[in-house]
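What you are looking at is a predicted structure, and each value in this text was computed from that prediction instead of being measured. In what follows, every chain begins at residue 1, and chains take the letters A, B, ... in the order their sequences are listed.
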Number of protein chains: 2
Amino acid sequence: MTTTTSNRPDVLARADGSPVRALVVDDEPTLAELLSTALRYEGWQVDHALSGHAAVRAAKALDPDVIVLDVMLPDLSGIDVLRRVRATNPNVPVLFLTAKDAVEDRIAGLTAGGDDYVTKPFSLEEVVARLRALLRRTGAVSSREEAVLVVGDLRMDEDSHEVSRDGEDIRLTATEFELLRYFMRNPKRVLSKAQILDRVWQYDFGGQANIVELYVSYLRRKIDKGRTPMLHTLRGVGYVLKPSV
Amino acid sequence: MTTTTSNRPDVLARADGSPVRALVVDDEPTLAELLSTALRYEGWQVDHALSGHAAVRAAKALDPDVIVLDVMLPDLSGIDVLRRVRATNPNVPVLFLTAKDAVEDRIAGLTAGGDDYVTKPFSLEEVVARLRALLRRTGAVSSREEAVLVVGDLRMDEDSHEVSRDGEDIRLTATEFELLRYFMRNPKRVLSKAQILDRVWQYDFGGQANIVELYVSYLRRKIDKGRTPMLHTLRGVGYVLKPSV
DNA sequence: ACCGAACCTGTGAACTTGCTGAGGATGGGT
DNA sequence: ACCCATCCTCAGCAAGTTCACAGGTTCGGT
């Protein structure tokens, strides 16, 4: 069961086994590209639209399983796009992108229907996690999978944010949680510091590169302290999370 | 029991197991959309009509289990719609939406048959709760479910509005009750402040965002004071209600 | 053994987030 | 008309979190 089309342990798929279809809507080409690439890496089929009108057309033509929608588009407001898209795709879940300091971007009611949003600047890990959560909830994909990640005796419940090792509860901060989630979604795979930085930190992070080392150190303190280590350093390469067995 | 079609603990269904069918009638597209999406998220099958005539037609065609009906439609009065709908669907329960300052006796006439109403602006949590109550009362759905929510030693009777923890009665205000109900319908799931705001507060709430913090604080005072805490803060993420075990 | 590079981690400052007391506004009930 | 419960704003405090920096440690190669 480990060797499917991808060696990722947890690629989501639709009921008929075909890949998840996502539509990314952002007028900034760089961001649209960044998101598209990240989602393709999840094994999904991705299209993107650079305007509201294009988004409405694309939604109609492609019938995506999920939509990532920047609420700040030049031609149509987020709510307009949503309404028009819902006219043809009444059930598609939407993840909204909104500026953090947006003067009340009127996101009110957007999460009410079960949709969700993330604020810019976001981390890719966060976007992907939320999309997966949306897909899980709406049942659009065949996920035998629960919202629980398990690696060895390490356990993470994405819904309740509970983490435990060998039954013992572990409290993590938001950043630690995201970092560990990234590791747990890629067990036994070496992740370089650059990869981790790109994935777990906000895309505009401009700080010192050793922040990853610092947080790995924090994580080890919480999950490896006094136990068989699961988080290993590969000098000059990166880090791996491996079952302690 | 964890792996049903949805991971919601309490999705209502009809006798034959098919989803509940709801018809939303409101001439304001945004509101109709908001309601429809929220009800779909409950796992129901939803259609909406934007006028009285369309509503009558839709009711005939769809034979819904429940109808959400704005009494203030441009083409037909609420009474007319009700009368015509009842001609083809004599038993369908109706939840009326009415403006706050609407004349009281008219509503009284409408709801005489066991129907119910909420005033605009409403909170989604309230609408959903009333609809669930209507469905329960009319027996249109197979609800093994009682009107009682239980999480750990916390108990809430939705019909009598009684709340107790470990046998001890707790008096809650209306807002506190709705907030706790939302938590109890989503135990062990992180709820963000935005989600809570969208769901528990009226859709036109434009106030300070820290209102959620305030009410969580009130709730804790009443349900957690001097006990093992059940309402936990996840900094930067949201809140979770968990059994104190 | 030695050396430099890579990595680890203690310290503390800056910042963010959440909590809660005080009090104003509102509205229903008597 | 008054009172009281409730809802909500505001603002200050407390606590948690993120991050830079720097000195210490480990590792691999020679």
Results of ring pair (Phe, Tyr, Trp, His ring centres under 6.0 Å) for A:Phe177 - residues two or more places apart only: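 Checked A:Phe177 against ring pair (Phe, Tyr, Trp, His ring centres under 6.0 Å); matches are A:His161.
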Does A:Arg40 have any side chain to side chain contact (heavy atoms under 4.5 Å, CB included) partners at least two apart in sequence or in another chain, and if so, which?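 Partners of A:Arg40 under the side chain to side chain contact (heavy atoms under 4.5 Å, CB included) test: A:Glu33, A:Ser36, A:Val46.
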Partners meeting side chain to side chain contact (heavy atoms under 4.5 Å, CB included) with B:Glu213 (sequence neighbours left out):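 For B:Glu213, the residues satisfying side chain to side chain contact (heavy atoms under 4.5 Å, CB included) (neighbours in sequence not counted) are B:Lys193, B:Asn210, B:Tyr239.
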Let me have the donor-acceptor pairs involving side chains of residues 118-128 of chain B, under 3.5 Å, with sequence neighbours excluded, atom names and distances please.
| unit_1 | atom_1 | unit_2 | atom_2 | d |
| --- | --- | --- | --- | --- |
| B:Lys120 | NZ | B:Asp26 | OD2 | 3.3 |
| B:Lys120 | NZ | B:Asp70 | OD2 | 2.7 |
| B:Ser123 | OG | B:Glu126 | N | 3.2 |
| B:Ser123 | OG | B:Glu178 | OE1 | 2.9 |
| B:Ser123 | OG | B:Val200 | O | 3.4 |
| B:Glu125 | OE1 | B:Arg199 | NE | 3.2 |
| B:Glu126 | OE2 | B:Arg130 | NH2 | 3.2 |

At how many degrees, to 10°, do the end axes of the helix from C:dA1-D:dT30 to C:dT30-D:dA1 meet when each uses five pairs?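 Here the helix ends are tilted 30° relative to one another.
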Where does the chain A footprint on DNA chain D start and end, counting 5' to 3' with a 4.0 Å heavy-atom cut-off?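 Here the contact window of chain A covers D:dT17 to D:dC27.
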If the sugar-phosphate is the primed atoms plus P, OP1 and OP2 and the base is the rest, what is the B/S/- string for nucleotides 18-23 of chain C, using protein heavy atoms under 4.0 Å? SBBB--
Among pairs that include at least one residue of residues 206-236 of chain B, which meet ring-ring contact (aromatic ring centres under 6.0 Å, His included), considering only residues two or more places apart or in two chains?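 Of all non-adjacent pairs touching residues 206-236 of chain B, those that pass ring-ring contact (aromatic ring centres under 6.0 Å, His included) are B:Trp201-B:Tyr215, B:Tyr215-B:Tyr218.
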Taking side chain to side chain donor-acceptor pair (under 3.5 Å) as the test, write out the residues that go with B:Thr233, two or more places apart.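 B:Arg220.
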Contacts of A:Asp27 that satisfy side chain to side chain donor-acceptor pair (under 3.5 Å) - sequence neighbours left out: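 Listed in chain order: nothing, the list is empty.
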What is the separation between atom [atom1] on [X] and atom [atom2] on [N], rounded to the nearest whole Å?
X: A:His232; N: C:dC8; atom1: NE2; atom2: C1'; answer: 16 Å
X: A:Lys225; N: C:dC8; atom1: NZ; atom2: C1'; answer: 13 Å
X: A:Leu219; N: C:dT9; atom1: CG; atom2: P; answer: 12 Å

Could you go step by step and tell me if B:Glu162 and B:Arg155 meet the salt bridge (Lys or Arg N to Asp or Glu O under 4.0 Å) rule? CA-CA 8 Å; B:Glu162 281 170 338; B:Arg155 228 183 107 85; over 6 Å; no
With a 3.5 Å cut-off and sequence neighbours excluded, list the donor-acceptor pairs that the side chains of residues 76-83 of chain A form with protein atoms.
| unit_1 | atom_1 | unit_2 | atom_2 | d |
| --- | --- | --- | --- | --- |
| A:Ser77 | OG | A:Ile79 | N | 3.4 |
| A:Ser77 | OG | A:Asp80 | N | 3.1 |
| A:Ser77 | OG | A:Asp80 | OD2 | 3.4 |
| A:Asp80 | OD1 | A:Arg83 | NH2 | 3.4 |
| A:Arg83 | NH1 | B:Thr30 | OG1 | 2.8 |

Want to settle it: does A:Gly207 or A:Leu172 sit nearer the 5' end of DNA chain D, counting the closest nucleotide to each?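 Nearest nucleotide further toward 5': that of A:Leu172.
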Provide the full list of salt bridge (Lys or Arg N to Asp or Glu O under 4.0 Å) pairs with a residue in residues 221-233 of chain A, sequence neighbours left out, each pair given once.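 Counting only pairs at least two positions apart or across chains, the salt bridge (Lys or Arg N to Asp or Glu O under 4.0 Å) contacts touching residues 221-233 of chain A are A:Arg165-A:Asp224, A:Glu168-A:Arg227, A:Glu176-A:Lys222.
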